[in-house]
Amino acid sequence: MCEACEDLIDPKETELDAVIAQYVREKGALIPVLQKAQEIYGYLPTEVLKRVGRGLRIPLSKIYGVVTFYAQFRLMPMGRNVLRVCLGTACHVRGGAKVLETIEQELGVKDGGTTEDQRFTLEIVACIGACGLAPTMMINDEVHGRLTAENVTEILSKYE
Amino acid sequence: MKTLLDPCCDRCTHTPETPCRDYVRCLTEGPICHDDPACKAEKQRLLKEIKPNEENQQIFVCTGTGCASCGAHNIVDSLNEEINHQGLANTVNVVPTGCHGFCEQGPTLIIEPRQILYTLVKPDDVAEIVQKEFVEGERVERLLYVDPLTNQPATTFANANFFAKQTRVVLNNCGFINPEKIEDYIARDGYKGLTNALQKMTPVEVIDEVKKSGLRGRGGAGFPTGLKWSFCRQAIGDKKYIICNADEGDPGAFMDRGVLEGDPHAVIEGMLIGAYAIGADEGYVYCRAEYPLAIKHLEIAIRQAEEVGLLGDNILNSGFNFHLFIRAGAGAFVCGEETALIASIEGKRGMPKVRPPFPAQSGLWGKPTNNNNVETWANVPHILRNGADRYAQFGTEKSKGTKIFALTGKVNNTGLAEVPMGMTLRDIIFDIGGGIQNGKKFKAVQIGGPSGGCLPDEMLDLQVDYDTLTKAGAMVGSGGLVIMDETTCMVDIARFFLNFSQSESCGKCTPCREGTKRMWEILDRITKGEGKEEDLDNLEHLAVVVKETSLCGLGQNAPNPVLSALKYFRPEFEAHIRDKNCPAHVCSALMTYSIDPDKCKKCGLCAKSCPSGCISGDKKTPYQIDVAACIKCGTCADVCKFGAVIRA
Amino acid sequence: MEWITLTIDGRTVTVPKGTTVLEACRMNEIPIPTLCHDPELSSYGSCRLCIVEIEGMRNLPPSCVTQATQGMVVRTQTTKVRDSRKTILELLVANHPLDCMTCQKMGDCDLAKYAYEYRVTGELFKGGERRHLPLDDSNPFILRDANKCILCGKCVRACEEVQGRSVLDFSFRGFHAQVGPAFNLPYSESECVFCGSCVSVCPVGALTEKKMVGQGRPWEVEKVQTTCPFCGTGCNFDLNVKDGKVIGVTSNPEAPVNGKALCVKGRFGMDLIHNSERLTTPLIKKDGEFVEATWDEAMDLVAQKLGEVKQEHGADAISVLSSARCTNEENFLMQKLARAVIGTNNIDHCART
Ligand SMILES: Cc1cc2nc3c(=O)[nH]c(=O)nc-3n(C[C@H](O)[C@H](O)[C@H](O)COP(=O)(O)O)c2cc1C
Ligand code: SF4
Ligand code: SF4
Ligand code: SF4
Ligand code: SF4
Ligand code: SF4
Ligand code: SF4
Ligand code: FES
Ligand code: FES
Ligand code: FES
């Protein structure tokens with residue numbers, strides 16, 4: 001293949017096609033494929049959904065229905081760090097709302113929003129299973145507990 | 001280095017392709033097929049390496065989600081370093097484990113066989129622990145857990161009231177084995193229940209044993225497990241599936257997380273036994289994506305079980321085949337409902353379906369399917385290992401066995417507590433939970449999450465079992481116990497739960513989709529001081545309609561927190577509506593802020609922090625709040641060091 | 001067939017085994033309000049309006065998906081049932097623009113009908129949040145007002161189960177749930193083939209026939225059942241006639257061939273009837289211009305010309321092509337004409353392959 005053509009190949013697309021090929025014969029493949037696609041792209045652009053639909057032979061309406069049903073899926077690009085603040089029962093009872101307020105002020109975004117510098121996407125979740133340390137939040141895959149309005153700012157500063 | 005899993009000599013023929021029926025027993029009591037003292041000695045030696053004893057002391061460091069977030073991995077690393085440094089590597093072993101159940105005090109570590117419990121451990125403490133424990137044979141007193149009931153340091157973990165009053169059956173291994181090693185599980189009698197079932201019992205006998213144990217579903221409704229299995233066994237179908245519901249969406253419950261992270265093989269063994277009894281050859285674990293560690297441990301456990309031939313075809317040469325897959329949820333509470341869960345595995349929107357047909361007749365891909373909760377599955381190996389009678393000795397007449405509760409909220413010992421069914425709420429909250437934080441007064445306990453109800457003081461002597469709680473307007477549910485003190489407002493809590501339910505409603509049926517929204521709106525109005533006299537009757541009426549007409553358990557149970565709060569805390573609602581007053585001082589719109597001139601030291605900090613600039617005063621005049629301009633944010637009260645700002 | 005006996009509102013009724021409670025009621029003229037049920041579609045059980053009381057069952061089960069069983073005791077009109085239905089209707093109305101006055105569906109709207117019957121006031125949940133979704137006016141055939149949608153899901157099922165297209169589905173969840181094409185794009189940008197099956201099942205004014213808007217109220221319209229002239233499938237439907245003028249087509253559920261299903265031509269192609277461009281008399285070209293003629297003149301001319309061709313070049317110089325838009329009888333006559341009158345086997349049909 002000549003170099004010019006190689007440039008035209010989108011490595012993400014190749015990866016996505018491989019995922020689709022891996023799952024195409026499996027039953028119930030849509031959600032795992034979408035999860036992997038989101039890992040590859042960071043979110044689910046329309047073109048990707050169409051490609052998944054063609055690959056798995058699933059009507060686009062159904063894919064859109066699934067993507068908008070589950071909180072995990074994102075139709076818009078996300079920030080570099082995903083910040084999930086827990087407002088589950090245990091965290092609510094122990095002052096999660098105050099923590100959230102501080103974070104919202106600090107970042108200037110609300111639930112579902114992404115900061116202008118793409119540093120954080122803020123999400124509110126209900127319980128990450130670390131209730132013993134309430135109030136809690138999760139940044140990417142890391143859990144932070146025993147939060148206070150004071151210590152969250154410091155934790156945030158550790159993420160670029 | 002040889003492990004317990006390796007064949008003792010070349011007379012052992014066990015491989016996944018040529019399985020030996022006695023494989024599991026052979027590892028702990030073997031060899032079985034030949035008699036060789038050398039082989040036996042070797043096996044016993046390897047077994048000893050796994051189980052703690054005086055020559056092989058073990059430090060069980062919790063690396064569960066909670067403790068990991070407090071730096072438990074650093075502690076494991078420092079411990080290993082220090083032990084090597086001190087030349088103790090031959091006698092002391094560091095074992096990363098799942099949750100000890102004592103997350104509030106994390107990171108926690110337990111030293112066996114001495115049963116020493118250290119809490120809130122930091123990497124800086126490690127050198128001292130190793131020095132004192134293993135060189136000087138003493139304790140690090142300052143890291144011992146101080147029991148809030150006695151104010152005494154607990155000399156062993158078993159002495160701490162938190163652990164002493166528990167009966168740990170399902171959690172028996174959690175925190176005492178390395179969940180990433182199948183041999184640790186086998187060394188503690190793992191897969192013996194499966195061996196019993198495959199070697200000695202027909203599928204129907206297995207179901208009968210489970211029926212006899214009285215085990216009921218731990219996922220919420222408490223349906224008898226053996227009976228459920230028999231429906232699926234009797235259903236006609238060429239293919240059957242079983243599912244493990246690990247969606248654990250109830251905010252404030254994390255026992256399933258604890259079990260999956262800490263003892264994944266127990267769930268796998270339970271599913272194997274169930275699959276054998278039901279006649280299923282494929283299974284799925286549907287685990288919420290918010291539990292990455294649980295998924296990781298399960299993946300490792302499945303791979304290991306496949307490698308030794310405990311999952312796959314012709315398991316232990318019995319002709320029984322079983323394959324297990326994991327599906328990660330994608331963030332929808334309603335997918336805990338079994339028909340929605342099935343739809344989700346099929347790759348669809350997680351919308352519940354009307355029943356009948358029940359999953360036992362037509363479930364996953366239209367095939368007979370049996371779904372149980374993580375904790376339910378994890379109970380099964382114990383029943384098959386020790387017999388139904390041993391199991392049924394715990395619990396009440398209609399609710400057998402133990403149940404894990406997640407204690408959270410304003411209680412001293414947050415964590416996981418496993419107790420026999422029938423223990424009173426008071427015992428759980430005050431003995432195990434160590435009472436209310438900061439000496440505050442108990443107000444209510446929310447049991448069963450968004451589907452359950454809140455119970456007041458008067459109900460503390462209620463026995464916790466399925467039927468008693470349902471009668472009281474709550475439910476065991478997943479087993480979340482959120483403890484609330486006098487600073488919790490019940491209207492706010494009801495609104496909180498309704499907000500949860502309405503945002504998790506799938507939107508399929510009218511009463512839940514539209515009704516929970518309107519219920520939330522009424523509650524929201526009340527907390528804002530805009531409640532009307534007729535609101536409570538309307539709310540109650542609507543709650544009953546939503547309860548009685550919704551399609552699935554989410555809508556049918558969503559009104560429970562409201563109905564129980566109205567039943568037990570109606571005056572608090574009325575105070576909000578009639579007197580525009582929040583007795584717990586939570587609902588900000590109903591609060592007024594003022595400054596006590598006698599307490600005010602005139603520092604002016606409040607005025608500086610007030611976002612609406614409505615506090616005036618100076619070095620000579622005590623500060624004052626312009627009530628009309630106050631936005632009731634509460635900042636002044638938070639910043640005032642002298643407690644001069646009064647919330648009322 | 002096995003039969004079972006049950007009691008509904010004190011009446012003993014006997015129905016075949018496998019019947020739902022709703023069907024049992026309908027067989028016996030016991031009225032039950034339904035919004036999401038359609039006998040031609042799979043059961044969904046979502047609107048919850050068809051709830052009844054059944055002895056021994058907890059809560060209020062929906063009759064459309066509950067099997068009738070031997071000895072069952074059903075009550076369909078108790079205060080509790082009626083109260084609950086009313087509350088459900090109040091909930092729907094609270095999130096619905098009450099535009100009945102200008103709504104095309106007025107007079108044929110199930111929601112309006114039941115709201116009236118159950119004395120819904122719209123007061124109970126007044127002032128709460130409501131949807132404000134854009135109108136889909138993108139195509140000439142179907143007008144979609146998602147604000148009127150009650151999420152019964154019938155259109156979704158019709159598109160999938162009747163038409164096999166799956167253009168529509170639910171999106172989002174809870175209070176924010178919607179029904180529409182992927183990405184909630186306008187119909188015109190979706191894969192829709194405009195068969196209108198979705199329109200035919202919609203119980204409210206969320207999906208309406210655009211060309212009928214403003215043309216007439218249901219009570220002013222006479223329905224005339226007819227066979228579609230467009231193709232040989234022979235679908236049946238109702239012409240909606242007002243003041244002697246066809247204003248549109250609606251499905252006739254009794255249609256033997258097609259039920260409620262139609263294609264875009266049959267459902268939306270009837271405006272040709274009153275098109276001013278339409279030919280109403282034969283035209284004969286004289287001196288390069290088409291000139292109106294009588295049928296007799298036209299027939300004579302055709303017969304004369306065909307006769308001349310046959311005489312000069314033989315019968316096989318003539319070939320006859322007939323149309324899928326003709327009925328079987330007409331096609332039969334055509335081949336008779338070709339073979340017996342003209343004397344050629346050169347007869348073919350546009351839909352032969
Ligand atoms: C809205 C809703 C959420 C649920 N969430 C869970 C859950 O997270 N985990 C669970 O095991 N069961 C959950 N259930 C209960 C399941 O539907 C089902 O009854 C249970 O998994 C059966 O297992 P068991 O018989 O072992 O209890 C939920 C039910 C509803 C209605
Ligand atoms: S009750 Fe709620 S969650 Fe359940 S089907 Fe109805 S709308 Fe969906
Ligand atoms: S509550 Fe907030 S707005 Fe009111 S006086 Fe205090 S700081 Fe100012
Ligand atoms: S859809 Fe029915 S209820 Fe709604 S505006 Fe139209 S006629 Fe009225
Ligand atoms: S017109 Fe036909 S194809 Fe188009 S959405 Fe409706 S049912 Fe589907
Ligand atoms: S558009 Fe009509 S048929 Fe479709 S879901 Fe809405 S109300 Fe039902
Ligand atoms: S044109 Fe369409 S509606 Fe008419 S008969 Fe043919 S398929 Fe049916
Ligand atoms: S409620 Fe916040 S972690 Fe569980
Ligand atoms: S996570 Fe460590 S004790 Fe629970
Ligand atoms: S008609 Fe039965 S639930 Fe809608």
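Just so it is clear: chains get the letters A, B, ... in the order the sequence lines come, proteins before strands, and each one is counted from 1.
- In this structure, C:Glu2 places its CD atom where only 12 or fewer heavy-atom neighbours from other residues, nucleotides or ligands lie under 6.0 Å away.
- In this structure, the portion of B:Gln556 lying under 4.5 Å from any heavy atom of chain C is its side chain and not its backbone.
- Both the backbone and the side chain of B:Arg513 come within less than 4.5 Å of a heavy atom in chain C.
- Within the structure, no pair that satisfies the ring-ring contact (aromatic ring centres under 6.0 Å, His included) test touches residues 503-543 of chain B, not counting sequence neighbours.
- At least one cation-pi condition fails for B:Arg349 and C:Phe170: the charged atom is not both under 6.0 angstrom from the six-membered ring centre and inside a 45 degree cone around its axis.
- Using a cut-off of 4.0 Å between Lys/Arg side-chain N and Asp/Glu carboxylate O, B:Glu346 and B:Arg327 are scored as not salt-bridged.
- No part of B:Ser501 comes within reach of chain C, as not one of its non-hydrogen atoms sits under 4.5 angstrom from that chain.
- Counting non-hydrogen atoms of other residues, nucleotides and ligands closer than 6.0 Å to NZ of B:Lys580 gives a total above 12.
- At a heavy-atom cut-off of under 4.5 Å, chain B is reached by C:Ile150, C:Leu151 from residues 149-163 of chain C, listed in order of number.
- Taking the ring centre of B:Tyr291 as origin, the terminal cationic atom of B:Arg288 falls inside the region bounded by 6.0 Å and 45° from the ring axis.
- Looking at B:Lys508, both its backbone and its side chain come within 4.5 Å of chain C, counting heavy atoms on both sides.
- When each of B:Gly515, B:Ala332, B:Cys506 is checked for heavy-atom pairs under 4.5 Å with chain C, B:Cys506 comes out on top.
- Looking at C:Thr87, only its side chain comes within 4.5 Å of chain B, counting heavy atoms on both sides.
- Interface summary for chain C: among B:Val546, B:Asn538, B:Leu542, B:Val544, the most heavy-atom pairs under 4.5 angstrom belong to B:Leu542.
- For B:Ser550, the part sitting under 4.5 Å from any heavy atom of chain C is the backbone (N, CA, C, O) and nothing else.
- Crowding of B:Phe223 atom CZ: a count of heavy atoms from other residues, nucleotides or ligands under 6.0 Å exceeding 12.
- Taking 4.0 Å as the cut-off between side-chain N and carboxylate O, C:Lys260 and C:Asp38 count as a salt-bridged pair.
- There is no contact between B:Lys353 and chain C, counting heavy-atom distances below 4.5 Å.
- In this structure, OG1 in C:Thr14 is found 8.5 Å from CG in C:Asn28, a value given to the nearest 0.5 Å.
- Here B:Lys528 pairs with B:Asp524 in a salt bridge; the nearest charged N to carboxylate O distance falls below 4.0 Å.
- Counting only heavy atoms from C-beta outward, the side chains of C:Ser63 and C:Thr20 never approach each other to under 4.5 Å.
- Of all residues in residues 40-59 of chain C, those placing a non-hydrogen atom less than 4.5 angstrom from a non-hydrogen atom of chain B are C:Tyr44, C:Gly45, C:Ser46, C:Cys47, C:Arg48, C:Ile51, C:Arg58, C:Asn59.
- Using a cutoff of 4.0 Å between basic side-chain nitrogens and carboxylate oxygens, C:Glu23 and C:Arg26 are not scored as salt-bridged.
- Salt-bridge formation is not detected for the pair C:Asp83/C:Lys80: no Lys NZ or Arg NE/NH1/NH2 atom is positioned less than 4.0 Å from an Asp or Glu carboxylate oxygen.
- Residues of residues 69-76 of chain C lying within less than 4.5 angstrom of chain B, judged on heavy atoms, are absent.
- Checked for salt-bridge contact, B:Arg570 and B:Glu574 meet the test: a charged N lies under 4.0 Å from a carboxylate O.
- Counting only distance, with no hydrogens or angles, the side chain of C:Thr34 and the backbone of C:Cys36 share no donor-acceptor pair below 3.5 Å.
- For C:Glu129, the parts sitting under 4.5 Å from any heavy atom of chain B are the backbone and the side chain alike.
- For the atom pair OH (C:Tyr187) and CG (C:Asp136), the distance works out to 7.5 Å, reported to the nearest 0.5 Å.
- Among the candidates B:Arg525, B:Arg518, B:Arg578, the single residue satisfying the salt bridge (Lys or Arg N to Asp or Glu O under 4.0 Å) test with B:Asp535 is B:Arg525.
- Both tests hold for B:Lys517 against C:Phe175: distance to the six-membered ring centre under 6.0 Å, angle to the ring axis within 45°.
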